[in-house]
Asks: 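The structure follows.
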Amino acid sequence: MKIVLTGANRGLGMHLARTALERGHTVLAGVRTGVEDSPINRLEKQYPDNVYTYFLDVTNEESIAKAAELAAKDVGSIDGIINNAGVLTERGKPIEELDFDHVQFTMNVNVLGPMRIMKHFLPLLYKGKKQAIINISSEAGSIHNAYGGDFPYGISKAALNMFTVQLSSYVKDKDIAVYAVHPGWIKTDMGGDNATGYPEESANGILDILEGKLDITSELGFIDFTGKEMKI
């Protein structure tokens, strides 16, 4: 598969990129910064024929349009998209103390970012063979299990879940699978050292979903990385 992956240079994104390459896929990696000794740069040297790296800031539509244009020239079509780029701001802050510049930034990255990606990359996905879209969500986006904290993050992921359902309906005649996936509480910069899961395990599960290896019965497409339905 030829897979577009945002936020590919760190955390879960880095593990998704490595796992996809180990499975023989081609990764079109979207990154915001170009550091010579970055994880994606090292993977590019290890898999020179299977990694394409693009400057891509999900808050900057011009960068996304340019990346899609380059991807069309490089590979012609794509088979999967993983909207992984995300932020967690104002962690643990009470609502009385929220900085709304950070709230707006969270929505811009976590919700509008994937929308911008789909706007510009869907035409390439339509030309692919085994099409699937995964939006990296969170249990924090479950309205059923809402808790009184992490307001920007939880609200942004709930909105992302809604976008996932809308997008699934929009492309249903194209036979494209669309899921919002909770990757688990994993040991990354975002998850922290106290997390109980590991990004390697989560990345493998997410790639299984993208490849269509799991029997998923969720009506609304909100699942965890094992394919189990989450309460939306």
Asks: List the steps, then state whether side-chain contact (heavy atoms from CB on, under 4.5 Å) holds for L43 with Q46.
Replies: CA-CA 5 Å; L43 286 173; Q46 187 176 355; 4.1 Å; yes
Asks: Applying the 4.5 Å side-chain criterion to the ILVMFWY set and letting contacts propagate, would V165 and I155 be lumped into a single cluster?
Replies: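 Different hydrophobic clusters.
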Asks: Within the side chain of S156, is there an N or O that forms a donor-acceptor pair under 3.5 Å with the backbone of Y153?
Replies: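 Side chain of S156 to backbone of Y153, a donor-acceptor pair under 3.5 Å: yes, one is there.
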Asks: Assess the residue pair H15 and L207 against the criterion (side-chain contact (heavy atoms from CB on, under 4.5 Å)); give the C-alpha distance rounded to whole Å, side-chain angles, the decisive distance to 0.1 Å, and a yes or no.
Replies: CA-CA 11 Å; H15 290 279; L207 265 298; over 6 Å; no
Asks: Would you say that more than 12 heavy atoms from the other residues, nucleotides or ligands in this model lie under 6.0 Å from the CG of D175, or not?
Replies: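 Atom CG in D175 is not crowded, with 12 or fewer foreign heavy atoms closer than 6.0 Å.
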Asks: Are the side chain of K2 and the backbone of S77 linked by a donor-acceptor contact shorter than 3.5 Å?
Replies: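 Such a contact is found between K2 side chain and S77 backbone.
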Asks: With rounding to the nearest 0.5 angstrom, report the NZ to CG distance, K130 to L210.
Replies: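 If we round to the nearest 0.5 Å, K130:NZ and L210:CG are 8.5 Å apart.
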Asks: Evaluate the side-chain proximity of T59 to L112: yes if any heavy-atom separation is below 4.5 Å, no if none is.
Replies: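 A side-chain contact is absent here, since even the closest heavy-atom pair is not under 4.5 Å.
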Asks: To the nearest 0.5 Å, how far apart are CD in E97 and CZ in F151?
Replies: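 Going from CD on E97 over to CZ on F151, the span is 11.0 Å.
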Asks: Quick one: closest heavy-atom pair of D79 and L125, and the distance?
Replies: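 That would be C-CD1, 3.5 Å.
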Asks: Inspect the surroundings of CE in M162 and state if more than 12 heavy atoms from other residues, nucleotides or ligands are less than 6.0 Å away.
Replies: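 No, CE of M162 has 12 or fewer neighbouring heavy atoms, counting only those of other groups under 6.0 Å.
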Asks: Are L122 and Y170 packed together at the side-chain level, in the sense that at least one heavy-atom pair is separated by less than 4.5 angstrom?
Replies: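 They are in contact (side-chain heavy atoms under 4.5 Å apart), so the answer is yes.
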Asks: If two hydrophobic side chains count as joined below 4.5 Å and joins carry through other members, does I232 share a cluster with I216?
Replies: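 Looking at the clustering, I216 is in a separate group from I232.
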Asks: Is any side-chain heavy atom of L12 closer than 4.5 Å to a side-chain heavy atom of S202?
Replies: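 In contact.
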Asks: Distance-only, no hydrogens or angles: does the T89 side chain make a donor-acceptor pair with backbone N or O of T106 under 3.5 Å?
Replies: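 Checked: no pair found.
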Asks: Answer yes or no: are there more than 12 heavy-atom neighbours, outside E211 itself, under 6.0 Å from its atom CD?
Replies: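 More than 12 heavy atoms, drawn from other residues, nucleotides or ligands, come within 6.0 Å of this atom.
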Asks: Is D57 salt-bridged to R116, going by a charged N under 4.0 Å from an acidic O?
Replies: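 Answer for the salt bridge query: no.
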Asks: Roughly how far apart are Y179 OH and L214 CG, rounded to 0.5 Å?
Replies: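 So the gap between those two atoms works out to 8.5 Å.
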Asks: Answer with yes or no whether the hydrophobic clustering places V171 together with F222; edges join I, L, V, M, F, W, Y residues whose side-chain heavy atoms lie under 4.5 Å apart.
Replies: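 Cluster IDs for V171 and F222 differ.
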Asks: For A29 versus A8, what's the shortest heavy-atom pair and its separation?
Replies: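 Answer, listing the atom of A29 first, then A8: CB-CB, 3.7 Å.
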Asks: Under a 3.5 Å distance rule, please check whether N84 uses its side chain to pair with a backbone N or O of G7 as donor and acceptor.
Replies: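 Looks like yes, one N/O pair under 3.5 Å.
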Asks: Other residues, nucleotides and ligands only: do more than 12 of their heavy atoms fall within 6.0 Å of CD1 on I143?
Replies: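 For I143, atom CD1 is not crowded (no more than 12 foreign heavy atoms under 6.0 Å).
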Asks: Do K66 and F55 meet the cation-pi criteria used here (NZ or CZ under 6.0 Å from the six-membered ring centre, within 45° of the axis)?
Replies: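 No, K66 does not sit over the ring of F55.
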Asks: Using every non-hydrogen atom in the two residues, find where G128 and Q131 come nearest and quote the distance to one decimal.
Replies: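 That would be O-NE2, 3.4 Å.
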Asks: So, applying side-chain contact (heavy atoms from CB on, under 4.5 Å) with N110, which one of V87, L160, N83 is it?
Replies: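 When V87, L160, N83 are each tested with N110, the side-chain contact (heavy atoms from CB on, under 4.5 Å) holds only for V87.
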Asks: Rounded at 0.5 Å granularity, tell me how far CE in M107 sits from CZ in F100.
Replies: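 Reported to 0.5 Å precision, the distance equals 11.0 Å.
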Asks: Using a 3.5 Å distance criterion without hydrogens, assess whether the side chain of N9 forms a donor-acceptor pair with backbone atoms of I40.
Replies: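 Yes, N9 side chain to I40 backbone: donor-acceptor pair under 3.5 Å.
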Asks: So does A85 get a backbone contact from the side chain of T6, meaning a donor-acceptor N/O pair under 3.5 Å?
Replies: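 Present.
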Asks: Drop me the distance from K93's NZ to H102's NE2, to the nearest 0.5 angstrom.
Replies: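 Separation between the atoms: 7.0 Å.
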Asks: Between R32 and L56, what is the shortest heavy-atom contact and its length?
Replies: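 Scanning both residues, the minimum pair turns out to be CG-O, 3.6 Å.
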Asks: How far apart are the closest heavy atoms of F225 and I209, and which atoms are they?
Replies: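 Scanning both residues, the minimum pair turns out to be O-CD1, 3.7 Å.
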Asks: Does D150 use its side chain to pair, donor to acceptor, with the backbone of G154 at less than 3.5 Å?
Replies: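 No, because the side chain of D150 does not come within donor-acceptor range (under 3.5 Å) of the backbone of G154.
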Asks: Indicate yes or no for a side-chain donor-acceptor contact from E229 to the backbone of T217 under 3.5 Å, with no hydrogens or angles considered.
Replies: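 Side chain of E229 to backbone of T217: no pair is present.
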Asks: S138 and H182: which non-hydrogen atoms are nearest, and at how many Å?
Replies: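 Shortest heavy-atom contact: CA-ND1, 3.6 Å.
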Asks: If only atom types and distance count, is the side chain of S142 paired as donor or acceptor with the main-chain N or O of K231 below 3.5 Å?
Replies: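 Yes, the answer is positive, given that a donor and an acceptor are paired below the 3.5 Å cut-off.
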Asks: Would a distance-only check, ignoring hydrogens and angles, find a side-chain to backbone donor-acceptor pair under 3.5 Å from N135 to S137?
Replies: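 No, the answer is negative, given that no donor and acceptor are paired below the 3.5 Å cut-off.
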Asks: Are M14 and Y52 co-members of a hydrophobic cluster defined by side-chain heavy atoms under 4.5 Å apart?
Replies: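 No, no single cluster joins them.
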Asks: Can you check side-chain contact (heavy atoms from CB on, under 4.5 Å) on M118 and F163, steps first, answer last?
Replies: CA-CA 11 Å; M118 300 319 305; F163 175 57; 3.9 Å; yes
Asks: Contact between R10 and P39 at the side-chain level, heavy atoms closer than 4.5 Å - yes or no?
Replies: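 Sidechains of P39 and R10: no contact.
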Asks: Walk me through whether I206 and I136 qualify under side-chain contact (heavy atoms from CB on, under 4.5 Å).
Replies: CA-CA 9 Å; I206 291 167; I136 300 300; 3.8 Å; yes
Asks: When rounded to the nearest 0.5 angstrom, what is the spacing between CD1 in I81 and CG in L124?
Replies: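 Reported to 0.5 Å precision, the distance equals 8.0 Å.
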Asks: Decide yes or no for K174 and Y126: does some side-chain heavy atom of the first lie under 4.5 Å from some side-chain heavy atom of the second?
Replies: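 Yes. Closest side-chain heavy atoms under 4.5 Å.
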Asks: Between M230 and I134, is there shared hydrophobic-cluster membership here, with clusters defined by ILVMFWY side-chain heavy atoms closer than 4.5 Å?
Replies: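 M230 does not cluster with I134.
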